[in-house]
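Scroll down for the structure; my scribbles are underneath it.
Each chain gets a letter, A, B and so on, in the order the sequences are listed, and its residues count up from 1. Treat the numbers as computed from the prediction; the structure is a model and nothing was measured.
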2 protein chains.
Amino acid sequence: MLDERKASILRAVVEEYIQTAQPVGSGHVVNAPGISVSSATVRNEMAALETEGFLAQPHTSAGRIPTEKGYRYFVDALAQPSLDRASTLQVRAFFDRAHGEIEQMLADTTRLLTGLTDYAAVIIGPPHEAGKVRSVQLVGLTPRVALLVAVLGSGGVEKRTIDLAEDVDDALWLRATAHLSAQGIGHPLAWLATAPLSGEATVDVVLSRVRAVLVATGQDDADHVYVNGASRMAASFDAVETVRSVLTILEQQLVVVSLLRDVVDRGLNVAIGSETGMQPLADCALVVAPYTVDGERVGTVGVLGPTRMNYPQALAAVAVVGQRLGRRLSEG
Amino acid sequence: MLDERKASILRAVVEEYIQTAQPVGSGHVVNAPGISVSSATVRNEMAALETEGFLAQPHTSAGRIPTEKGYRYFVDALAQPSLDRASTLQVRAFFDRAHGEIEQMLADTTRLLTGLTDYAAVIIGPPHEAGKVRSVQLVGLTPRVALLVAVLGSGGVEKRTIDLAEDVDDALWLRATAHLSAQGIGHPLAWLATAPLSGEATVDVVLSRVRAVLVATGQDDADHVYVNGASRMAASFDAVETVRSVLTILEQQLVVVSLLRDVVDRGLNVAIGSETGMQPLADCALVVAPYTVDGERVGTVGVLGPTRMNYPQALAAVAVVGQRLGRRLSEG
DNA sequence: GCTGGCACTCGGTAGGATCGAGTGCCAACG
DNA sequence: CGTTGGCACTCGATCCTACCGAGTGCCAGC
């Protein structure tokens with residue numbers, strides 16, 4: 001799409017702008033490696049790049065700034081992911097040490113990502129529903145309230161409060177548990193919502209309440225989102241209003257989930273500015289990578305930063321973390 | 001400590017400054033209710049309040065701003081908590097509807113608090129350790145890995161990954177579970193770390209691993225912190241650097257916990273600026289209230305805002321939410 | 001002791017000059 | 001014909017100055 005010289009100039013502008021956040025003039029571009037023409041020629045080419053929509057001028061007598069289209073071209077054709085040696089080692093060390101509960105590990109992984117990139121990091125954890133039930137039981141808390149606790153193959157634990165209208169003794173919880181275990185183990189948790197009743201009246205009172213609760217809470221909080229490094233957004237922008245609106249987005253877990261999911265579904269690994277589809281993120285870019293467990297995409301890792309983010313670094317960091325996270329989760 | 005007129009003037013300055021964020025001049029104070037002297041007199045009194053350390057002047061020819069000491073006096077002697085009718089109803093409605101898992105409810109409660117006050121809200125949940133174990137079991141996930149799942153009386157569920165060096169069949173998990181249940185139910189989870197072994201060699205391999213894991217993870221993640229409304233901090237300050245440093249604090253759960261705990265331990269319900277003991281919070285104030293379950297303090301609710309926060313509102317909101325939260329948790 | 005009056009202070013805003021990085025254009029050159 | 005050095009021009013950023021006005025401290029008089 002762009003001849004080699006234009007591409008080099010665009011690359012030089014993007015790379016310098018990412019570093020300095022200042023409009024880049026032709027004088028700077030000629031000092032960039034791979035440029036061996038005069039500043040006048042560069043000016044001509046930059047004017048052309050502007051009319052083609054890759055660059056923009058904040059005002060007449062200023063240098064150029066990449067447009068979304070410019071960043072897009074840079075990401076698609078010019079940037080190759082690269083991670084410095086120290087970071088690579090850091091990632092390896094992290095996953096070698098990683099252990100313990102999955103929730104804790106995912107939270108720690110977001111911290112790793114913000115540490116690597118200096119941007120906000122987001123991880124969508126594997127949905128618990130996907131796993132088969134390994135164990136299910138009802139634990140009485142008070143005479144009328146019990147906790148339905150299900151352990152899933154993925155290592156996740158789901159719990160639901162079951163409250164009844166009348167007092168129940170512990171033996172009944174046990175009988176209901178026995179029925180649920182017989183029916184549910186090996187199936188997804190949601191399956192219990194439609195599993196047959198026992199035919200025994202007192203037990204079925206409990207079971208139907210379990211069904212109702214599972215139906216009510218089945219869908220929504222299926223996703224487990226981990227966000228970290230929101231404070232880095234404040235370092236990326238100098239308009240406090242921008243910071244505020246971005247933070248507002250990051251606080252809404254549902255929005256974050258649908259945002260990442262949407263980007264992944266469109267087959268993108270980078271969404272720049274308006275490509276995110278969210279007006280408050282006009283000055284942001286999102287770099288994502290799905291990760292797989294046993295060949296199946298179960299979640300997404302991503303970083304959110306300013307449009308002038310260090311794409312090579314962010315792409316590499318997200319890719320390698322996603323890959324190693326998937327591998328780590330696969331081996332259980 | 002202050003005569004009535006000085007107190008009225010201080011109150012007027014604080015209240016107007018909270019609203020406008022602008023230094024308050026004598027001309028504005030005379031328009032405040034309860035002030036029936038001339039501006040010259042007010043000026044004299046304000047000069048006195050300044051030398052006494054309650055007010056400060058950003059520069060010579062500007063109005064006055066409250067100092068930390070000024071806010072402190074306002075909070076201790078002049079402010080009485082007040083919550084508007086709509087908010088009161090909102091709180092009541094929230095807790096009438098509140099149900100389901102405790103984690104979800106606490107997260108929702110932080111949202112309620114930020115909604116009420118427009119400041120960031122923090123809640124420290126009841127420590128799970130405190131509760132007695134209602135149920136404990138080992139669920140095998142892979143031949144070498146099992147999950148220790150303990151249900152506590154509070155409705156909380158604790159889980160720990162137990163990994164062994166050699167393959168184990170499910171029967172062994174069951175036998176270990178039986179032993180743990182016999183020993184542990186009715187005691188705090190930590191007690192299992194010191195409970196006697198079974199004397200049966202194969203089972204004791206598992207049990208000693210359980211002990212080791214409980215010892216290793218026993219103390220730290222004891223606290224469950226819920227933070228919401230961090231984006232409101234960005235609306236409270238116009239220096240982006242201030243926002244960044246405050247957000248950094250809010251992201252560190254351990255810091256937040258020790259901060260709230262420290263304030264409560266000092267018997268305060270408000271910590272203003274340097275009273276928080278954290279330099280980045282010099283421009284912030286923290287309003288907290290412990291909440292009790294069955295007469296015992298099990299957690300804390302709080303809001304974090306700028307030093308010029310609406311103390312009457314924040315005090316009232318935190319107090320009523322803490323109270324109703326405790327009541328709600330007490331009734332189970 | 002309170003108050004009106006008054007001179008004074010000083011941050012904020014507006015207008016004007018200057019600076020310089022960067023541009024577009026053009027004529028000349030290989 | 002593409003490239004280049006030269007040049008006039010643009011315009012944001014910076015600095016200076018003047019000015020305004022909110023607010024002060026002080027004092028004399030009630």
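Without hydrogens or angle criteria, A:Gln90 side chain to A:Leu116 main chain gives no donor-acceptor distance under 3.5 Å. At distances below 3.5 Å, at least one donor-acceptor pair connects side-chain atoms of A:Arg11 with backbone N or O atoms of A:Leu78.
Residue whose closest nucleotide on DNA chain C sits further toward the 5' end, between A:Ala62 and B:Arg5: B:Arg5.
Every pair passing side chain to side chain donor-acceptor pair (under 3.5 Å) that includes a residue from residues 271-288 of chain B is listed here, sequence neighbours excluded: B:Glu68-B:Ser274, B:Arg72-B:Glu275.
Put simply, chain A comes within 4.0 Å of DNA chain D, heavy atom to any atom, from D:dT3 to D:dG12, going 5' to 3'.
For B:Asn44, the side-chain hydrogen bond (donor to acceptor under 3.5 Å, both in side chains) test picks out no residue, with sequence neighbours left out. Among residues two or more places apart in sequence or in another chain, the side chain to side chain contact (heavy atoms under 4.5 Å, CB included) test is passed with A:Val225 by A:Val122, A:Val227, A:Gln253, A:Val256, A:Val257. Take A:Ser236 and apply the side-chain hydrogen bond (donor to acceptor under 3.5 Å, both in side chains) test, not counting sequence neighbours, and it matches no residue.
Using a 4.5 Å heavy-atom cutoff, the side chains of B:Leu2 and B:Glu52 are in contact. The shortest side-chain heavy-atom distance between A:Val255 and A:Met278 falls under the 4.5 Å cut-off.
Put simply, A:Ser61 has no side-chain N or O that comes within less than 4.0 Å of OP1 or OP2 on C:dA21.
B:His59 has its NE2 atom 5 Å from the P atom of C:dG11, to the nearest Å.
Taking every heavy atom of residues 20-51 of chain A and every atom of DNA chain D, pairs under 4.0 Å involve A:Val37, A:Ser38, A:Ala40, A:Thr41, A:Arg43, A:Asn44, by number.
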